[in-house]
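The structure under discussion appears below in the form of structure tokens.
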Protein chains: 2
Amino acid sequence: MNRVLAHTGARYPIVQAPMGWIARTQLASAVSRAGGLGIIETSSGETANCQREITAMSALGLPFGVNLPIRFLKDDAMLRFVCESGVKFVTTSAGSPAKFIRPLKDAGIVVYHAVPTVDTALKCVDAGIDGLVVEGAEGGGFKNPEEVSTLVLLQAIRARMDVPLIAAGGICDGRGMAAAFALGAEAIQMGTRFVSCSESPVHANYKNAIVDAGETGTWVLNKKSSPCIRALKSQRTQAIHEAGLMPADTFANLKSVYFDGDMEAAPALAGQTVGLIDSIKTAQEIIEETVSEFFAITARLGALAAARSFG
Amino acid sequence: MNRVLAHTGARYPIVQAPMGWIARTQLASAVSRAGGLGIIETSSGETANCQREITAMSALGLPFGVNLPIRFLKDDAMLRFVCESGVKFVTTSAGSPAKFIRPLKDAGIVVYHAVPTVDTALKCVDAGIDGLVVEGAEGGGFKNPEEVSTLVLLQAIRARMDVPLIAAGGICDGRGMAAAFALGAEAIQMGTRFVSCSESPVHANYKNAIVDAGETGTWVLNKKSSPCIRALKSQRTQAIHEAGLMPADTFANLKSVYFDGDMEAAPALAGQTVGLIDSIKTAQEIIEETVSEFFAITARLGALAAARSFG
């Protein structure tokens, strides 16, 4: 039995990442309707709006989850709301989940924490986490400056613990999903892929920038300070790259990137999968193609094993 | 038919990386005897020594290859020697293979070039290369500062061309091999794993440092200059990391790291797989365990496909 499916109630072990402002009902419901697991974000810090989104998503009767980025929450309001709202699945991120686990578990919620290293994974398991989102350096958005890749991180964590793992970073289709399962994951999470999908609320310029970028189209910025991020190359991020450090007001106009399509207003967060994404598809197309490619590849690999052959 | 096996004559599609000074007959013959493909290095620049090694390796009658790091070759002596020596398989790296391809092909040699990006891969195919070593950012030694991971790079290159691909970077066993094959590779190359193996000529301190390091135990240095490298964390590499740039004489005492075990004499080149390697094994143990784990994982994935199930 796939434990992530048992924990989430989704039909397919394909999770949508919790991008601030973007991961709301419009996108999450499209993902969940197609059989994946939509996640509602709270990292925007817009408490009232996010609470409305959780209520709206709940009303649809689809499996879904909520992300709580611990370090970015101003107070306990969102935590309390989630505990009382009937939400069944939460991913925590950006900080230690130790304080959050007890109230969430007491509310009957399954909790996965997003981890960038083995050490944080070990601490999460000690704290009683149900599973982990294993976030490799390829992913977009806030990153750990150690930059351990999905390939290495998944193996290193799987070798040390048996909790269910959702692989994130560098995955946007059935090829990456098959590789993740080979390494011991039971599910995948995709961010950049869903930012660029038809039902994503972002401006067409952002979606097209993702489609147009190659595999060297992003970089990791602000590695010696916080937050360390992965974003699309642009004039603005070139300046941050050259300076090495990121001005404090860098994200003041992030919503202008997302919703007005001004790609120089702030760093446009995106993962290395921009080099693999070459068209805008619906959530349903993405999920169905991922599942079908996953089974085609696992069948091909199974035939190698059956023949004890390498090709 | 596995094209890398057809091109190399090896029993298993497992290639040993061409580490300067380290990848000589002692190590390469152990790898080739165990069914993998040993490679003789020439990046040390020790032309006479490397020619002797190629002659010694040839005399054993085992499949093997030679690496020619184009940018580091002082003159055509090594190229001419390789063309006349009966070598059947060459990997080129560090520079454009365009000038090298014709003489090598005229000598009946199969040529693979090591590439860190899609653009270089496309140029290689135009130049008539037989296959590619796809080098993700996880690998040790000389790196491309774009740091595209093996997971993303393999997919991006496979999507654009059909030549045989050897996956390198972040792979040290059958888990990584199965993931690489899921992504379209037909072989894997391992460097750090073989640096740390019993038959490797390096000092025990170097092997133990690889075994002891975790998945965050390396970093990429000198990204804004050349050469950009991945090496173990140490006091010396910490200083380079903080300065951002690497002094010109950094590698003057590299052989003291390798053969005297003075781990602060120079950056000790190593990949992120240091976080996955936890013991020193013989080349034969490494290769047999890799093959057996590869088939165990591909059989497990094949069973998922047969059941159309995720676990």
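Here the structure is a predicted model, which is why all the values come from computation and not from measurement. Values below: all heavy atoms of this structure, side chains included; hydrogens, waters and symmetry mates excluded.
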Where does [X] contact chain B at under 4.5 Å (heavy atoms): side chain, backbone, both or neither?
| X | answer |
| --- | --- |
| A/R158 | neither |
| A/T117 | both |
| A/D173 | side chain |

Measure [X] against the heavy atoms of chain A and call it side chain, backbone, both or neither at under 4.5 Å.
| X | answer |
| --- | --- |
| B/Q272 | both |
| B/L304 | both |
| B/R11 | backbone |
| B/D278 | neither |
| B/E242 | backbone |
| B/A299 | both |

Self-check item: Presence of salt bridge, A/K233 and B/E146, under 4.0 angstrom
Solution: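 A salt bridge links B/E146 with A/K233.
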Quiz item: Do A/Q155 and B/T273 come within less than 4.5 Å of each other through their side chains, counting heavy atoms only?
Solution: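 In short, these two side chains do not touch, never coming nearer than 4.5 Å.
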Practice problem: For the residue pair B/V291 and A/R308, establish whether any side-chain heavy-atom pair is separated by less than 4.5 Å. | Solution: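 Side chain of B/V291 against side chain of A/R308, heavy atoms only: contact under 4.5 Å found.
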Exercise. Nearest 0.5 Å please: distance from the CG atom of B/L153 over to the OG1 atom of A/T216.
Key: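 It comes to 10.0 Å.
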Quiz item: If you round to the nearest 0.5 Å, how far is OG1 of B/T298 from CZ of A/R300?
Solution: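 The OG1 atom of B/T298 is 10.5 Å from CZ of A/R300, to the nearest 0.5 Å.
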Quiz item: Which of these passes side-chain contact (heavy atoms from CB on, under 4.5 Å) with B/E138: A/L151, A/T150, A/V148?
Solution: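 Only one of A/L151, A/T150, A/V148 forms a side-chain contact (heavy atoms from CB on, under 4.5 Å) with B/E138, namely A/L151.
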Exercise. Let me see the working for A/K223 and B/H241 under side-chain contact (heavy atoms from CB on, under 4.5 Å), right down to the final yes or no.
Key: CA-CA 11 Å; A/K223 286 189 65 159; B/H241 173 71; 5.7 Å; no
For chain B, which candidate among [options] shows the most heavy-atom pairs at distances under 4.5 Å?
| options | value |
| --- | --- |
| A/A137, A/P13, A/A156, A/A178 | A/P13 |
| A/N2, A/L183, A/L5, A/L154 | A/N2 |
| A/A305, A/G302, A/S309, A/G174 | A/A305 |
| A/A180, A/G275, A/A182 | A/A182 |

Quiz item: Hey, what's the ring geometry for B/F295 with A/F310, parallel, tilted or perpendicular (30° and 60° as the breaks)?
Solution: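 Tilted, since the angle between the ring planes falls between 30° and 60°.
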Quiz item: Is the number of heavy atoms from other residues, nucleotides or ligands within 6.0 Å of CD (B/E293) greater than 12?
Solution: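 Yes.
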Practice problem: Find the one option among B/A296, B/G214, B/G170 whose heavy-atom pairs under 4.5 Å with chain A are most numerous. | Solution: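 Top count of heavy-atom pairs under 4.5 Å with chain A: B/G170.
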Quiz item: Can you tell me if A/E215 uses its side chain to pair, donor with acceptor, with the backbone of B/V118 under 3.5 Å?
Solution: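 Present.
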